[in-house]
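Atoms within a ligand are numbered from 1 in the order they appear, just like the ligands themselves.
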Amino acid sequence: MYDEGFFNQRTVLVTGASGFIGSHLCARLKDLGALVHGVSRRPRNNGVVQQWWQADLDDELATRRVVKSVSPEIIFHLASFVSGKRELDAVLPALRSNLLSTVNLLVSSTETGCARVVLTGSLEEPEGDAATATPSSPYAAAKGAASAYARMFHALYGTPVVTARLFMVYGPNQQDHNKLVPYVTLSLLRGQSPQLMSGTREVDWIYVDDVIDAYLCLATRPGLEGETIDVGSGRLTSVRSVVEQVVEIVRPARAEPDFGSIADRPLERVRTADVRKALLLAGWKSKTSLFEGLMRTVDWYRGNMGNL
Ligand SMILES: NC(=O)c1ccc[n+]([C@@H]2O[C@H](COP(=O)([O-])OP(=O)(O)OC[C@H]3O[C@@H](n4cnc5c(N)ncnc54)[C@H](OP(=O)(O)O)[C@@H]3O)[C@@H](O)[C@H]2O)c1
């Protein structure tokens, strides 16, 4: 685990601070006494950051301006176009908000200097031989390329960068209600049948509070520069099983999930986090069981239905 006192009065920059994971991270950092600067394209303060920066990180000059002005000790880069859609219209947004934003941030932080840059990778990145692996989506291609840049920046310029490769994150206040857990939860709470694929895909699920613990370990643990650390539970659970657990928690549900009403997507990946490496190098492992995490998540949506 991490030293809780480490962040007190330290200046940190969180990109994608308005997003699902970014807002949880900002809240935790604030609780730990950090001076939190948040950035995203919207003129929105997530309520807990010290200062809000409105910038599109696709833009080199805007990125440089934010990083120079804040001069953070630690950068957490979460800004991203987060969609696994395979359609052609996803290619350029994925390129800009996942790859270009990361390269801009790596250039700026290397020029300005900082103690650690924590990037955010994904289970969707291609595995195996980088020269021949075929990405499954524009998002996967851009995330894989961003990780390659991270390794290059570390090797060539000594940038103190570490990548948190996140598996499937769920938890309270996930703003994209099309993602599986919020979609199924909200549908059932509203008495509507969620329309779903077959549900056979197996996924490594990880609760958002555990992910925040991982970010804090990756930011503080010495000797992690250049590494990629998997942030997952190490266990596979099918989509169908997750949906059935949500049904059990919501009970009495007034509607049933409609499996198979949507066609399965091509090239779905099945991948389990390397939890041994995460524990050995980063001193981190997940604590929250899937059922416990889903209970907390459903509770939150139940309590906040009126505001969504
Ligand atoms: N959720 C998961 O299960 C999961 C799994 C694996 C990896 N990840 C990774 O975890 C990170 C956070 O994901 P999330 O679920 O929290 O996503 P999210 O809720 O969609 O948040 C994405 C954030 O990025 C900002 N953003 C997007 N493009 C930007 C740009 N060009 N410049 C500045 N800000 C930009 C968005 O704000 P604006 O729209 O205001 O700009 C938003 O704050 C991402 O890197 C994602 O790829 C997530």
Side-chain angles (χ1 to χ4, degrees), residues 13-27 37-47 49 52-67 75-85 90 92-105 108 117-125 135-147 150 163-183 203-212 214-215 218 228-233 239 242 269 271 273 293 297:
L13 175 65
V14 178
T15 79
S18 59
F20 163 45
I21 303 168
S23 46
H24 280 270
L25 179 59
C26 289
H37 293 249
V39 57
S40 91
R41 291 166 300 187
R42 280 168 286 180
R44 172 145 64 95
N45 189 320
N46 68 10
V49 298
W52 189 259
W53 299 81
Q54 185 183 1
D56 189 334
L57 300 176
D58 307 359
D59 179 338
E60 177 196 335
L61 293 179
T63 308
R64 194 174 264 136
R65 194 164 50 242
V66 172
V67 173
I75 299 175
F76 296 95
H77 178 45
L78 288 82
S80 166
F81 168 77
V82 189
S83 168
K85 64 188 274 200
L92 291 175
L95 173 74
R96 293 192 190 107
S97 286
N98 293 312
L99 180 56
L100 198 52
S101 75
T102 303
V103 173
N104 285 338
L105 200 74
S108 301
V117 184
V118 185
L119 299 185
T120 308
S122 166
L123 79 155
E124 301 288 350
E125 288 172 47
S136 56
S137 64
Y139 172 80
K143 282 285 187 186
S147 291
T163 300
R165 185 189 285 136
L166 306 192
F167 282 64
M168 197 65 84
V169 188
Y170 68 96
N173 203 11
Q174 189 160 4
Q175 291 127 18
D176 182 351
H177 294 168
N178 294 317
K179 297 284 192 246
L180 184 82
V181 173
Y183 171 62
V203 180
D204 184 332
W205 304 86
I206 180 82
Y207 186 62
V208 67
D209 285 356
D210 289 343
V211 172
I212 305 310
Y215 272 110
L218 266 54
T228 295
I229 303 293
D230 283 359
V231 178
S233 68
V239 167
V242 167
R269 306 182 52 78
R271 183 174 193 167
T297 306

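- Atom numbering of ligand 1 starts at 1 in the shown order; those under 4.0 Å from a heavy atom of Thr120 are 9 (C), 10 (O), 11 (C), 45 (O).
- Given atom 23 (C) of ligand 1, the protein heavy atom at minimum distance is Gly16 CA, 3.6 Å.
- Atoms OG and CD1, on Ser23 and Ile212 in that order, are 8.5 Å from each other to the nearest 0.5 Å.
- Among all non-hydrogen protein atoms, the one lying nearest atom 19 (O) of ligand 1 is Phe20 N, 2.8 Å.
- Closest protein heavy atom to atom 48 (C) of ligand 1: Ile21 CD1, 3.9 Å.
- Only the side chain of Lys143 comes within 4.0 Å of ligand 1, judged by heavy-atom distances.
- Taking only nitrogen or oxygen atoms, main chain and side chain alike, Met168 does not reach within less than 3.5 Å of ligand 1.
- Atoms of ligand 1 found under 4.0 Å from any heavy atom of Ala55, numbered from 1 in the order shown, are 32 (N), 33 (C).
- At distances below 3.5 Å, at least one donor-acceptor pair connects side-chain atoms of Trp52 with backbone N or O atoms of Arg42.
- Going from atom CD of Glu125 over to atom CG of Asn98 covers 10.0 Å, rounded to the nearest 0.5 Å.
- Near Ser97, the atoms of ligand 1 lying under 4.0 angstrom from a non-hydrogen atom of the residue are 28 (N), 29 (C), 30 (C), 31 (N).
- Between the side chains of Thr120 and Tyr215, at least one donor N or O sits under 3.5 Å from an acceptor N or O.
- Which of Leu166, Val82, Val39 comes nearest to atom 17 (O) of ligand 1 through a heavy atom is settled by distance: it is Val82.
- Using a 4.5 Å heavy-atom cutoff, the side chains of Ile229 and Thr163 are not in contact.
- Thr63 places a side-chain N or O within donor-acceptor distance of the main-chain N or O of Leu57, the cut-off being under 3.5 Å.
- Atom 39 (O) of ligand 1 has its closest protein heavy atom at Arg41 NH2, 3.0 Å.
- Atoms CZ and CG, from Phe81 and Leu92 in turn, are 10.0 Å apart once rounded to the nearest 0.5 Å.
- Atoms of ligand 1 lying under 4.0 Å from at least one heavy atom of Gly121, given by number and element, are 7 (C).
- Of the options Tyr215, Phe81, Tyr139, Tyr170, the smallest heavy-atom separation from atom 46 (C) of ligand 1 is shown by Tyr139.
- If you number the atoms of ligand 1 from 1 as listed, the ones under 4.0 Å from a heavy atom of Asp58 come out as 31 (N).
- Counting only heavy atoms of the protein, atom 35 (C) of ligand 1 lies nearest to Ala79 CB, 3.6 Å.
- Between the OG1 atom of Thr297 and the OH atom of Tyr170 there is a distance of 6.0 Å, given to the nearest 0.5 Å.
- Here the shortest heavy-atom distance to atom 4 (C) of ligand 1, taken over Leu57, Val169, Leu78, Val203, belongs to Val169.
- Annotation: the span from Leu166 atom CG to Leu123 atom CG amounts to 9.0 Å, rounded to 0.5 Å.
- Within the 4.0 Å heavy-atom criterion, neither part of Ser101 lies near ligand 1.
- Once rounded to the nearest 0.5 Å, the distance linking CD1 of Ile21 with CG of Leu78 reads 6.5 Å.
- Judged purely by distance below 3.5 Å, without hydrogens or angles, the side chains of Arg64 and Ser108 never pair a donor atom with an acceptor atom.
- Without hydrogens or angle criteria, Asp230 side chain to Arg165 main chain gives no donor-acceptor distance under 3.5 Å.
- Within the set Ser80, Gly19, Pro93, the minimum heavy-atom distance to atom 24 (O) of ligand 1 is found for Ser80.
- Looking at Ser233 and Phe167, their side chains never come closer than 4.5 Å, going by heavy atoms from C-beta outward.
- With a 4.0 Å cut-off on non-hydrogen atoms, Phe167 touches ligand 1 through its backbone and not its side chain.
- Of the N or O atoms in Ser18, one or more lie within a sub-3.5 Å distance of an N or O in ligand 1.
- Set against the non-hydrogen atoms of Asp56, the atoms of ligand 1 under 4.0 Å away are 30 (C), 31 (N), 32 (N).
- Checking only distances, Ser122 never comes within under 3.5 Å of ligand 1, N or O to N or O.
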